[in-house]
Amino acid sequence: MRRAAGFLTLLLSLLLTNVTARGQAVYGNIVGTVVDPAGAAVANARVVITDTQRQTSVTTTTNEDGNFTQRGLIAGTYQVRIEATGFKAAVATVLVSVDQFSRADLKLEVGEVSQVVEVSAETPLLKTERADVAVTFTEKTVTNLPLINRRFTQFELLTPGVQATTSQTASSEDPQGSFRKVVNGQSFAGTTHLLDGTDNRDALLSLIVINPTLESLSEAKITTAAYDAEFGATAGVISVQTKSGTNDFHAVGFNFLRNGVLNARNPFTQFQKIRGSDRYIPVTQYNQFGGAAGGKIIADKLFWFGDYQGTRRNTGGSALLRVPSLAERAGDLSGLQLNIFDPASGDTPATRTQFTDNKIPTSRISPQALKLLSLIPLPNITGVVRDAPNYVNSGTIKFNEDLTNTRWDYFHSQSLQFFGRYSFADYRLDSPGIFGFAAGGRGFDEAAPFAGISRTRNQSLATGFNYTVNQNLLTDFRFGWFRYRVNVDPGAAETTPAKDAGIPGLNNDSFTGGMPAFLLNGYGPGGNNGNQFNFGYALQFARCNCPLRQNERAFQMVNNWTYLQGNHSWRFGIDYRYAKNLRIPSDRHRAGELQFNAARTQGPTGGGSALASFLLGDVSVFERYVSTITDAEERQNRFFLFVQDNWRVNRNLTINYGLRYENYRPQTVTGAGKGGFIDVNTGEVRVAGSPGVGLDLGVKPANNLYAPRIGIAYKVSEKTVLRLGYGRGFDI
């Protein structure tokens with residue numbers, strides 16, 4: 001605890017005395033060495049660095065070793081001009097990327113400074129200034145590489161060491177097309193997403209909040225190892241920058257269209273025409289359209305950029321399963337070739353008697369079961385025996401999205417620049433079950449058979465400035481905010497089918513509406529995820545965690561400083577975040593999940609059928625997710641501090657070393673009774689607001705979360721660089 005307090009005091013004092021660090025998450029850097037014809041260092045040479053697209057310039061000088069460093073540059077193309085007394089001016093063009101050091105090593109020629117030598121500065125194939133392992137995707141790359149869904153997150157999977165986990169979030173909660181990613185075998189929860197240097201990750205599911213459109217993306221860097229102390233990750237850092245306007249007006253429009261005209265039929269599920277049409281294949285259409293534009297308001301000063309992307313997608317699919325036949329609905333189960341026993345005739349299978357001819361008397365059939373079955377279509381495949389699939393249906397999943405971004409940059413002076421960005425994403429997913437929205441069932445997407453209705457609206461705001469105090473001292477400040485909001489509901493959530501069928505206690509209010517889940521285990525081949533007869537809504541077969549209410553908000557303030565001292569580039573920073581979260585899930589459908597097992601109608605010789613148990617109204621398992629409070633939220637303060645030095649020991653050796661400190665304050669709930677957990681020592685549930693239990697539930701914070709980082713880059717030759725690193729991190 002004392003060490004934590006001491007470290008906090010040290011860094012805060014450094015912040016107050018203007019000796020703290022500029023963040024690398026937004027800007028890039030140019031470093032270089034200036035030498036004379038003999039290879040000796042040229043000290044005090046004037047270095048003018050000009051943004052070729054915006055005509056803004058910054059100026060620095062070389063130190064006694066001929067080295068110079070310029071931080072805080074927006075990604076883009078820059079002209080580097082070197083001037084020194086007794087030498088011709090040298091000019092080179094350098095491409096700057098975010099969170100990277102671009103080199104501009106120049107050899108001056110003897111002559112007048114009025115004379116200019118154009119230097120062809122090729123982009124080096126080897127990175128010599130950093131030890132991190134990273135891949136950068138430029139604007140040109142993301143524009144030219146073909147992506148079938150045009151989502152940026154597909155590029156993440158092109159990075160060595162990155163792969164999607166086998167367990168992904170349901171499409172209803174992740175319409176933005178994120179991935180749970182494993183980076184070099186680490187937990188998916190340890191990956192950090194940044195957008196313009198601000199947090200862009202849902203900490204609960206580790207999903208990207210704003211999936212940037214390709215037209216708005218300027219550059220993306222995916223770091224998988226040896227990242228700086230500025231970044232609090234345990235697996236990887238995915239940093240994305242949005243485009244800025246330039247002095248020249250640029251605009252683009254696009255429209256992409258795919259349809260199912262040339263799609264092949266599925267011989268198992270599309271062997272007969274869709275009822276009411278001459279089609280075998282359901283309608284499939286993917287239309288994505290939009291545009292982007294950017295330019296200047298005030299030349300060399302104020303720039304703007306904006307874009308919009310819309311998607312209208314209809315995805316057709318088919319599903320095949322077993323439904324009860326007309327005879328079976330009347331109680332005649334002889335076609336199943338199974339012996340059916342009366343559970344009322346004995347408490348154990350050994351004492352039960354068999355129904356005559358395996359037919360359940362009409363008087364014994366549950367009227368509620370018959371009422372529910374009236375919502376289920378009859379078989380439409382003939383010649384089926386036993387419990388083979390006898391029903392096929394086709395449908396279309398409707399998905400609409402609207403995405404927009406706008407960014408503004410103001411270059412007040414060479415010393416002071418501002419930026420601001422706002423992003424908005426709205427997603428609407430309507431996915432019917434195989435029996436329609438009212439009766440539900442599994443969805444039509446075989447890979448992710450979600451059935452239900454999802455409405456998601458995500459937003460993100462980032463703004464900040466960077467200021468050059470003097471040639472050796474720089475600072476920047478960023479404010480970020482995002483909201484990840486998703487509502488998932490079963491189809492026809494406003495209806496009360498269980499109540500209408502005469503089943504009490506299921507459809508009780510607006511949060512328990514829609515069809516409950518009915519699972520007839522073993523009736524139909526394939527199990528719960530195959531062709532078994534299930535209807536209603538449940539996470540197991542319809543991938544519907546519904547109803548669900550998620551509203552996560554996060555506020556962030558970052559202040560970083562850079563202090564240049566000889567060949568050292570010191571960086572210090574503080575990052576404060578305040579998280580607010582509401583998540584009301586339904587891992588078991590709140591209207592209830594009723595399972596029917598064959599065991600209830602088995603006898604001395606076995607047999608039994610889940611359908612028989614269902615017709616008798618004999619429930620084997622009942623589950624539901626219950627909470628009397630649907631507005632329970634959490635709050636949390638998070639503090640991060642770091643200090644780091646980028647030390648250019650000589651022209652071949654660079655050492656990056658630093659220390660990060662993290663402090664996650666205990667979460668608090670928003671009121672008495674709105675949170676609790678089990679005390680493992682007593683087995684009791686500690687409820688917030690109860691005697692002796694505060695809103696933080698008595699949780700003690702960890703005050704010893706120190707994360708050291710070190711990286712070494714050594715240039716063995718022009719063709720070989722040796723890099724190594726070590727780091728420690730913490731997963732929230």
Side-chain angles (χ1 to χ4, degrees), residues 26 74-76 97-98 136-159 171 174-179 193-202 207-222 238-246 249-258 286-295 303-313 399-409 419-429 456-463 480-486:
V26 179
I74 291 178
S97 295
V98 171
T136 297
F137 294 99
T138 65
E139 178 184 343
K140 181 178 180 180
T141 301
V142 300
T143 302
N144 292 342
L145 279 179
L147 291 176
I148 193 168
N149 59 11
R150 287 176 45 80
R151 291 193 187 276
F152 159 73
T153 46
Q154 292 288 334
F155 287 101
E156 299 171 356
L157 303 182
L158 299 178
T159 307
S171 58
D174 182 27
Q176 61 269 39
S178 184
F179 292 102
H193 291 275
L194 299 173
L195 183 61
D196 291 323
T198 59
D199 193 14
N200 190 36
R201 183 186 72 147
D202 157 34
L207 301 176
I208 194 170
V209 175
I210 294 293
N211 195 343
T213 62
L214 301 188
E215 278 63 40
S216 69
L217 191 151
S218 171
E219 190 175 82
K221 181 182 179 184
I222 302 176
I238 300 171
S239 182
V240 176
Q241 302 303 311
T242 56
K243 284 181 183 176
S244 170
T246 65
F249 176 77
H250 296 279
V252 63
F254 62 89
N255 185 67
F256 299 95
L257 176 65
R258 300 200 311 269
Y286 190 111
N287 186 206
Q288 191 173 83
F289 52 90
F303 307 94
W304 65 275
F305 173 85
D307 82 300
Y308 165 77
Q309 176 178 294
T311 300
R312 303 295 182 262
R313 188 177 73 196
F399 175 78
N400 294 335
E401 71 175 8
D402 293 288
L403 314 176
T404 186
N405 305 272
T406 182
R407 173 166 171 154
W408 296 74
D409 291 86
F419 87 94
R421 174 199 44 83
Y422 173 72
S423 299
F424 174 87
D426 188 74
Y427 306 93
R428 304 171 300 281
L429 175 62
T456 301
R457 178 169 290 180
N458 298 342
Q459 299 175 75
S460 172
L461 174 72
T463 185
W481 168 84
F482 75 74
R483 181 173 71 175
Y484 164 77
R485 187 182 70 181
V486 57

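Just so it is clear, the model here is predicted, and its values are computed rather than measured. For the single chain, residues carry numbers from 1 onward in sequence order.
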By side chain to side chain contact (heavy atoms under 4.5 Å, CB included), which residues pair with [X], not counting sequence neighbours?
X: R428; answer: R312, N400, D402, D426, R455
X: K221; answer: D99, Q100, R130, D132, A134, T136, T223
X: E401; answer: R151, Q288, Q309, T311, F399, L403, Y427
X: T246; answer: Q53, R54, D248, H250

ask   = Ignoring hydrogens and geometry, is there a side-chain-to-backbone donor-acceptor pair from E219 to V98 under 3.5 Å?
value =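 Yes; at least one donor-acceptor contact below 3.5 Å.
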inquiry  = Looking at I222, is its backbone amide N or carbonyl O close enough to the side chain of S239 to form a donor-acceptor pair, meaning the two atoms are under 3.5 Å apart?
reply    = no
inquiry  = With a 6.0 Å cut-off on the ring centroids, do F254 and F256 count as close?
reply    =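 Between F256 and F254, which both carry aromatic rings, the centre distance is below 6.0 Å.
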Contacts of type side-chain hydrogen bond (donor to acceptor under 3.5 Å, both in side chains), residue [X], not counting sequence neighbours:
X: N144; value: none
X: T141; value: T138
X: N211; value: T153
X: R485; value: none

Return the set of residues passing salt bridge (charged side-chain N to carboxylate O under 4.0 Å, His left out) with [X] (not counting sequence neighbours), or none when no residue passes.
X: R421; value: D196
X: D307; value: none
X: E215; value: R150
X: D409; value: R407

ask   = In a check of side chain to side chain contact (heavy atoms under 4.5 Å, CB included) between P212 and each of N405, V142, V240, which one passes?
value = V240
Any heavy-atom pair between the side chains of [Y] and [X] that's under 4.5 Å?
X: F419; Y: T242; value: no
X: S460; Y: V209; value: no
X: L145; Y: Q154; value: no
X: Y422; Y: F424; value: yes
X: I208; Y: N200; value: yes
X: I210; Y: S423; value: yes
X: E156; Y: L158; value: no

inquiry  = With side-chain hydrogen bond (donor to acceptor under 3.5 Å, both in side chains) as the criterion, how do S218 and Q241 come out once you've worked through the C-alpha distance, each side chain's angles and the decisive distance to 0.1 Å?
reply    = CA-CA 5 Å; S218 171; Q241 302 303 311; over 6 Å; no
ask   = Above 12 or not: heavy atoms from other molecules or residues under 6.0 Å from CG of L257?
value =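 It does: L257 CG has more than 12 such atoms within range.
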key: ring pair (Phe, Tyr, Trp, His ring centres under 6.0 Å) between F482 and Y484, worked out   = CA-CA 7 Å; F482 75 74; Y484 164 77; 8.1 Å; no
